[in-house]
Amino acid sequence: MTVMFIDGASNLKCKIFDPIFLKLITQTLPDLRHRLIHIRALQILNTLNKMKLQYLQSQSQRVAFAGIFLILVPNFFPNLFDPLGRAYPSMFSEWNAPSAKHIRLLEGALHQEISEKQQSDIWSPLVYQGWKPCFDSASVPFNPEKSRGYIQVFLDGGLNQQRMEICDAVAVAKILNATLVIPHLEVNPVWQDSSSFTDIFDVDHFIEVLHNEISIVKELPSMYSWSTREYYATGIRPTRIKTAPVHASADWYLENVLPMLNSHGIAAIAPFSHRLAFDNLPKEIQLLRCKVNFQALAFVPHIRMLGDNLVQRLRSSPSTNKGTNDERGSGKFIVLHLRFDKDMAAHSACNFGGGKAEKLALAKYRQVIWQGRVMKTQFTNDELRQQGRCPLNPEEIGLLLRALGFNNDTRLYLASHKVYGGEARISTLRKLFPLMEDKKSLASDKERAQVEKKASLLAAVDYYVSMHTDVFISASPGNMHNAMLGYRAYRNMKTIRPNMVLLSQLFLNETIEWPDFQQAVEHGHKNRQGQIRLRKETQSIYTYPIPDCMCQRH
């Protein structure tokens, strides 16, 4: 006979021929059924536990992806997270995007009507002031056979500081009658740019312009190949000058460096920043420094090409100007050097309205970069502003420009490495000058490929555009401001120098109305637009090139 046993948990099919065995099976059936049910229950529980574990793992993955999403999305959609950033600055940002502070002045600026005379005056070029560049420098052509050895210099700082150091290096080589090795540019700890001299400057042009002045080589001969930056970084070396005083005289170099050249045939000077005096030097040495700065230091071709394209596009009237070329400034443009990066904000020790998170972030940055050695931190924010020691923020520089007579049709080129706070920080400035441009808005990714993510090359492009603008102004009296002040004085071009003390007092006055502000600004900047200023003792020849680099001609 055949017995079919069917259970809810399993099927059991047996062939049974013995009736006695069948009876035994029937009696034990309840125990068997119970055990089968128990086994099946364990199987189901095990399956549920596996499902739960998979669910928890899936949830963990979702949480991880959500965390990554929260970290990355603000970088692509910063405006979306502004409200959260204000509520939780430590989570989303180190600064809170400040709203416009000078509301009354902003409203006045946006609704002002600028007269034709204001427009004509502000765009008009400088009249000839009686000074022109002096081109003579070397009294006796250099004889390479009489070179006393090789001079190496290792240069710190950013592009503008390095330009000045290169000029000084040429002058020192001339004083010592030595051969200059193309200067080594150190990696800046802030910008992290490893660009070399030949990446930035046209080295063949540099050598050609100065060939009658000094001997210059691109690299050391093989007998001195050991003299590298790495060699001097690993110990005290007899061929390194490490103690050159700031603003050293020509006699100091003759007394301290010349003996080393005579003994070893080579001398490496590091550090070299500001290591040559501005006074009590022969006239031909001063003229040589000018020749290097204003003639020999030309940028490499691809920087000049990109700069020329930017200048051409800035001079092409946008559609909003209807392509006109009238005396109101169409076809002209202004360059604003807005050095409002984190480095500047931290070093200034001023409060720029970014809230507690910004203050803490800048204090930490200040400690890491300068180990707290920022003397201005001993003053309060109000004290610094009253002294005119706080750089103008984007809103304030915009109000200054509108008060001077630049209207909302002005083509404004923003020369800046990276604005601390991003687009939110300059939103008020853009409202005042809707035709504001920069490298990214004017040039394609392909055109910028050779300079992108290289701070020195990006700065060189801005420098080149600033050389060719109708008007230049800087919000911070730093190296770029000083370099442009000198170059444009040498070329008799208009450069506005903000009256920092006056502006600080005006911006601290919370009740001042726009007409009074505008009148005070115009009066306070009447003689700060490129008028000749003679260099005073100890002042930089690169900022004030008159009378050392220029001659009076009528």
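Numbers for residues simply follow the sequence, beginning at 1.
No donor-acceptor pair closer than 3.5 Å links the side chain of Arg488 to the backbone N or O of Ala483. Remark: the backbone N or O of Asp438 is paired with a side-chain donor or acceptor of Ser441 at under 3.5 angstrom. When atom types are taken as modelled, the side chain of Gln129 and the backbone of Ile532 share a donor-acceptor pair closer than 3.5 angstrom. Without hydrogens or angle criteria, Thr543 side chain to Ser540 main chain gives no donor-acceptor distance under 3.5 Å. Judged by distance alone, with hydrogens and angles left aside, the side-chain atoms of Thr428 form no donor-acceptor pair with the main-chain N or O of Ala100 at under 3.5 Å. Judged by distance alone, with hydrogens and angles left aside, the side-chain atoms of Arg104 form a donor-acceptor pair with the main-chain N or O of Thr511 at under 3.5 Å. Checking side-chain atoms of Gln367 against main-chain N and O of Lys364 turns up no donor-acceptor pair under 3.5 Å.
Among residues at least two apart or in separate chains, disulfide bond (SG atoms under 2.5 Å apart) pairs with a member in residues 272-314 are Cys290-Cys549.
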Solution key, residues 451-461 side-chain donor-acceptor pairs under 3.5 Å, sequence neighbours excluded:
residue : atom : partner : partner atom : Å
Glu452  : OE1  : Arg448  : NE           : 2.8
Glu452  : OE1  : Arg448  : NH2          : 3.3
Ser456  : OG   : Asp193  : OD2          : 3.2

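Classified by interplanar angle (parallel below 30°, tilted 30° to 60°, perpendicular above 60°), the ring pair His337/Phe472 is parallel. Using bins of under 30°, 30° to 60° and over 60° for the plane-to-plane angle, the ring pair Phe406/Trp123 lands in the perpendicular bin. Using a 30° and 60° split on the angle between ring planes, Tyr490 and Phe294 fall in the parallel class, below 30°.
Defined by atom type and a distance below 3.5 Å, a donor-acceptor pair is missing between the side-chain atoms of Asp156 and Gln161. Residues Asn408 and Thr410 have side chains that never bring a donor and an acceptor to within less than 3.5 angstrom of each other.
Under a 4.0 Å N-O distance rule, the pair Arg535/Asp279 qualifies as a salt bridge. Using a cutoff of 4.0 Å between basic side-chain nitrogens and carboxylate oxygens, Lys117 and Asp121 are scored as salt-bridged. The existence of a salt bridge linking Arg411 and Glu437 is confirmed by a sub-4.0 Å separation between a basic side-chain nitrogen and an acidic carboxylate oxygen. Between Arg289 and Asp168 there is a salt bridge, since at least one side-chain N of the basic residue sits less than 4.0 Å from a carboxylate O of the acidic one. With salt bridges taken as basic N to acidic carboxylate O contacts below 4.0 Å, none links Lys418 and Glu423. A salt bridge between Arg402 and Glu522 is absent, with no side-chain N of the basic residue lying under 4.0 Å from a carboxylate O of the acidic one.
Counted within 6.0 Å of CD on Gln371, heavy atoms from surrounding residues, nucleotides or ligands total more than 12; the atom is thus considered enclosed.
Taking the side-chain contact (heavy atoms from CB on, under 4.5 Å) definition, one finds that Cys167 meets it with Val292, Asn293, Leu297, Tyr542, sequence neighbours left out.
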Open item on the list: Show, in sequence, the C-alpha distance, side-chain angles and deciding distance for Gln386 and Gln505, and conclude whether the side chain to side chain donor-acceptor pair (under 3.5 Å) test is met.
Closed with: CA-CA 6 Å; Gln386 289 170 356; Gln505 294 171 352; over 6 Å; no
Open item on the list: Show, in sequence, the C-alpha distance, side-chain angles and deciding distance for Arg425 and Glu358, and conclude whether the salt bridge (Lys or Arg N to Asp or Glu O under 4.0 Å) test is met.
Closed with: CA-CA 13 Å; Arg425 184 76 78 172; Glu358 179 183 272; 2.5 Å; yes
- [ ] Could you walk me through whether Asp470 and Arg315 pass the salt bridge (Lys or Arg N to Asp or Glu O under 4.0 Å) test, one step at a time?
- [x] CA-CA 10 Å; Asp470 299 281; Arg315 292 205 181 283; 2.8 Å; yes
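Aromatic pair Phe299/Phe201: centroids less than 6.0 angstrom apart. For Phe352 and Tyr420, the gap between ring centers reaches or exceeds 6.0 Å.
Considering Leu110, Leu106, Leu399 as possible partners of Trp514, the one that fulfils the side-chain contact (heavy atoms from CB on, under 4.5 Å) test is Leu399.
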